[in-house]
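Below is one structure, written out as structure tokens, with a few remarks after it.
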Amino acid sequence: MSTSIDKGTAIFYLQKMMEIRQFEDKIMDLLAQNIAEGGSHLYAGEEAVAVGAMAALRPDDFITSTHRGHGHAIAKGGKLNELMAEILGKATGCCKGKGGSLHLADVSTGNLGANGIVGGGLAMAAGAGLSIKLRKTEQVTLCFIGDGATNQGVFHESLNMVGTWRLPVIYIVENNLYGMSVSVKRASAVTDLAKKAVPYNMPAVTVSGQDVLAVKDAVEAYVKNARAGKGPAMVVCDTYRYYGHSRSDPRVYRTKEEEKYWAEQDPIKLFSAKCVKEGLLSQKDVEELDKFVENEIEEATKFAIESPLPGDAELYTDLFA
Amino acid sequence: MSTSIDKGTAIFYLQKMMEIRQFEDKIMDLLAQNIAEGGSHLYAGEEAVAVGAMAALRPDDFITSTHRGHGHAIAKGGKLNELMAEILGKATGCCKGKGGSLHLADVSTGNLGANGIVGGGLAMAAGAGLSIKLRKTEQVTLCFIGDGATNQGVFHESLNMVGTWRLPVIYIVENNLYGMSVSVKRASAVTDLAKKAVPYNMPAVTVSGQDVLAVKDAVEAYVKNARAGKGPAMVVCDTYRYYGHSRSDPRVYRTKEEEKYWAEQDPIKLFSAKCVKEGLLSQKDVEELDKFVENEIEEATKFAIESPLPGDAELYTDLFA
Amino acid sequence: MREIAYWQAINEALAEEMTKDPSVFIMGEDVAIYGGAYAVTRGLHAKFGDERVRDTAISEAAIVGAGLGAAITGMRPVVEIMYVDFMGIAMDQLNNQIAKIRYMFGGKTKVPLVIRTEGGAGRTLGAHHSQSLEAWFTHIPGIKVVMPSTPYDAKGLLKAAIREDNPIVYIEHKMLYNTKGPVPETEYVLPIGKADVKKQGKDITLVSWSLTLLHCLKAAEELEKEGISVEVIDLRTLAPLDIDTIVGSVQKTHRLVIAHEAWKTGGFAGEIAAQVMEKAFDHLDAPVSRVCGADVPMPKAPNLERLAIPNKETIKKAVKELLA
Amino acid sequence: MREIAYWQAINEALAEEMTKDPSVFIMGEDVAIYGGAYAVTRGLHAKFGDERVRDTAISEAAIVGAGLGAAITGMRPVVEIMYVDFMGIAMDQLNNQIAKIRYMFGGKTKVPLVIRTEGGAGRTLGAHHSQSLEAWFTHIPGIKVVMPSTPYDAKGLLKAAIREDNPIVYIEHKMLYNTKGPVPETEYVLPIGKADVKKQGKDITLVSWSLTLLHCLKAAEELEKEGISVEVIDLRTLAPLDIDTIVGSVQKTHRLVIAHEAWKTGGFAGEIAAQVMEKAFDHLDAPVSRVCGADVPMPKAPNLERLAIPNKETIKKAVKELLA
Ligand SMILES: Cc1ncc(C[n+]2csc(CCOP(=O)(O)OP(=O)(O)O)c2C)c(N)n1
Ligand SMILES: Cc1ncc(C[n+]2csc(CCOP(=O)(O)OP(=O)(O)O)c2C)c(N)n1
Ligand SMILES: [Mg+2]
Ligand SMILES: [Mg+2]
């Protein structure tokens, strides 16, 4: 383990990762039962990225999230009840049921939103970085993007703006090897995604996205720089999504062996094993935490299912301030 | 001189550069007299780039040009009469007067067009490269862009496509230090523009854009590779535009010293002096050529001025095939 | 006649044209190995190989713009944009490059390019995956806009589009993919720019396209039972607009309802209403009525999504109101 | 009252609001040292410095999208897109992010963002620098669209726009920059969403905006001499549309001509015509007439450019035809 942490911190990280995992497994259930409708891109397998990165932040820092945003929302402090309700389109959701899975947001926690547009958060993140600079608040903005999103034009424009103006924005590239079905090898002229930082005059590092502490350490170092006015950076996190891209994905583009390999790098198992091995947590602590989280998720699910849909009059509200 | 060339070739390059220079000086005149209306972005000072790059091509190769496209059009074999007439919006222009300076094109010479949109030729060039690959014709596409255009999102998307698919496209980056009034230093996170090729898995080299042979040699080497299926590349040409960005530009963003420095690197003067020094041409040859070109430009101007405007019925033709 | 699904009709059109003409090829996100987000291109990669069925990076501007580059240099690309909602990213390519290039060049090039995309609501996917943006495209001179509602039209019009020397935006609807209809096994091509009277009637004219057309047909069927004879016109092509067919019908029925899923304000119904007024003012016994999408981003909540778009009931209501 | 130019009125509005509110800042291509392609921001960089008047790289999507990011995190950005023709590049940012974010988030954010841009023909700049694309923007729920025709309106509406908590597309016209008009020295703000009756009349209503409005006023003046009393309404704001003012006028005059420079097909005149029909059908003594731009990319040739857009004569002709 790359940094020494205390028991409380260990529990916090583990709990957050478990919350994300169980939240996503539950959504998969709800989709299968048609209780959840529409699409959901699940974060299971990538938990260490969101939790590790968010561990480096202050509550007033900003993030922009992606189409695969449940994990970011949870890690940034979103309430499970409200998130679950939002995914079901309920009035009690964090966006009153108007956003849904692809638009989970919670500005009060600094989460500027998931995004149905791949790369949709990139320019927004640059603007949030600029706003920090102009308001002189020493906040930072984390901009989460997938490997696939790095090929969008707005990636280039935004990183160039951030690089030129030395804005406090850190890019967290979640390299899960595929953008939908297209592997990085076939979508990107370079597979070493850290090379994509070169034209923007920002440092980049690649870490295991299955190791929550590795992610945290890398992000933390850059966040410190950014707060000190030393500009932006990129952290590429190698990771894997367990489920298909979306519910209907038969996953023909990847192999069982590959899936198995990554299942062995499970971020929750790795982290809890290490904590136990190093005596920070007992096996019992881990099991109890798992139970506790199970309960949380059950409650959130119940809350969401029992919540009402928005009233019909809501159709026309919230368009303008 | 980096390659040895014969007298005919020397005359050809010199003539093309002189044609561009005098063409542009003439346009400036016509603008001042309000004979030419609207905007024109003049290429004077950058002649060696277009002429050197085009010297590496076959007639059936493609180029995409820019808003500063007169030089490319001339160097790619456009007819002076038709180009001048087009800029005046005359029926005899290469686009029947419908395009104008910003849209000079001549598909019959492989020139896929100037473009009013900065970066507008980038995706088109990728497509032309793909077409070559699919049709297996061993053509190449040269994609001209300014330093400013390298910041557009479509630059990134296009180069990634070209880099991933190893298409026969060579980027000629005309780094004239400014995009309109904004210096590369203030617009781009890196000033060494060759670094912008890194994420696309393509080699890049920087050459003096004032040295027609240096440009030709660099482009030629990459063109050879591209024809052989070895993929794309980038040539950054350091150069300078003599006139302001457009007619109304007071050039407050640059200094007299800088302008003077670059005037001393004049591509036509440098090349003719070298040719004379190496005994390839006599001073008289150079002077005669200059006169000859003057005549050409006078004729083109006369042709253009005397040509009729398009008939009113032309407004609705040419929209659909 | 055999019945096949809408997606399959499109798939067949692609396969047939690719077989016939080696210059036709496909590119887009997840069109090859995956076979398309809505599986429209399934099997084509296996059949035609890597070169002619190409997965691209996520880069809508380059996909569409590269389509143009290939089209003007000897190929006939069919590019796919996964959701019409993403066309904003490629809007400059479409408007400034694709639509204008031929005109700007004085007719000295042609652009045999098809941009296939998909739109519409119905799957509670929220504001970024439910839009109907055809009105933007109809406001761009130099492109044609096709929006078929049946498998038969989808196949015949796509084949025509691929053979056209002009750029075409061809928009499918996500809720139509699994609808079935008769499609001949023998080859056929349909004319772009011709509306289709899907049902004859004499009391009122209903104009629509894409999924909403099916709602109109159902509404017309039910209204017929109530003694109201509705003529239902499927535009199929929005640009060029077959205004003559609409005006001809209005001259007979004197009443017109236009229904579409897109936002009402600035939607294409307004254009049709204005043209009908210009060409058949004296024939109109009532104002042209529009049944359109609510002027809001598509909400996630399933009840609000349903409220936000036209359906059989709201169409029937508009017809009755106009006849009242 | 003193007379100042349109560009100057805009420049004053920017300077005043920046002085008043430190959260207002400007960014765009060549807005700082150069002072803007049409010199609208001249002097502001010297006055407010590097941080608040920012030259950007050529990257329209990032400019507009970063505006959003800054707007939802405490600033009030005024971003400039040099020509409206380039808005296609930022269309996804505008449509999917800026216009929708507040609604998608259930009202939990606000977007105090102004996108200033410039459009229109008249300088023979060709197809990429002469467009009028407002119809695209009016077809996006969640944004407001302002297009002033006079220095007075330009100033008052821009100040209002900067103070709004909603995203606004504010479109200037390149041929208006040097037109002059009375502008008070004392501060004032005009309401967004209110049309202005620029001339009273009783025989016919002329609705327009931006440069074309001035042509309408001249046409009306000349028609007055011929005994035709024209009411001229300047929309000023297209979204939200002040339909009541238009309908009120039509109830009086019973005839309506709408004039704009944008392409006719799918242009905003169609929307207005449809709404007027819906709300005042029985008051219309003639079909609503549209005088609009030709449905072609703008040609370079000066004679063709003139032919492609409305002018005083074509407007007069339409008025007379409608009264015939
Ligand atoms: C602009 C845009 N293009 C395409 C899509 C469809 N799409 C949704 S997710 C996705 C893959 C994204 O890949 P990546 O950025 O690697 O994120 P991951 O899904 O792997 O987490 C695609 C193509 C979209 N939503 N938006
Ligand atoms: C998309 C777009 N943005 C902005 C402009 C306005 N503009 C025209 S030329 C230019 C500068 C281009 O700079 P560069 O690419 O370096 O080419 P150069 O003019 O220096 O040759 C700008 C900003 C444009 N025409 N298109
Ligand atoms: Mg991925
Ligand atoms: Mg430059």
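For the set C/Ala239, C/Gly270, C/Ala294, C/Pro141, the entry with the most heavy-atom pairs within less than 4.5 Å of chain D is C/Pro141. The candidate with the highest count of non-hydrogen atom pairs below 4.5 Å against chain D, out of C/Gly126, C/Ala286, C/Ala99, is C/Ala286. When each of C/Asp295, C/Thr265, C/Leu94 is checked for heavy-atom pairs under 4.5 Å with chain D, C/Thr265 comes out on top.
Both the backbone and the side chain of C/Leu284 have a heavy atom closer than 4.5 Å to some heavy atom of chain D. With a threshold of 4.5 angstrom between heavy atoms, C/Lys264 approaches chain D through its backbone and through its side chain. For D/Glu60, no part lies under 4.5 angstrom from a heavy atom of chain C. Only the side chain of D/Asn95 has a heavy atom closer than 4.5 Å to any heavy atom of chain C. Contact of D/Ile140 with chain C is made through backbone and side chain together, with heavy-atom distances under 4.5 Å. Heavy-atom distances place both the backbone and the side chain of C/Met277 under 4.5 Å from chain D. Proximity to chain D involves both the backbone and the side chain of C/Gln275, based on heavy atoms less than 4.5 angstrom apart.
Between D/Glu261 and D/Met298 there is no side-chain heavy-atom pair separated by less than 4.5 Å. Side-chain contact between C/Trp209 and C/Glu134 is present, with heavy atoms from C-beta onward closer than 4.5 Å.
A salt bridge is absent between C/Arg255 and C/Glu321; no separation between the charged side-chain nitrogens and carboxylate oxygens falls under 4.0 Å. Taking the charged nitrogens against the carboxylate oxygens, C/Lys300 and C/Glu305 have no contact shorter than 4.0 Å, which rules out a salt bridge.
Nearest heavy atom pair, residue C/Ala259 against residue C/Thr212, reads CB-CG2, 3.7 Å. Smallest separation of non-hydrogen atoms from D/Ala274 and C/Arg290: CB-CZ, 3.6 Å.
With ring centers used as reference points, D/Phe268 lies 6.0 Å or more from C/His139.
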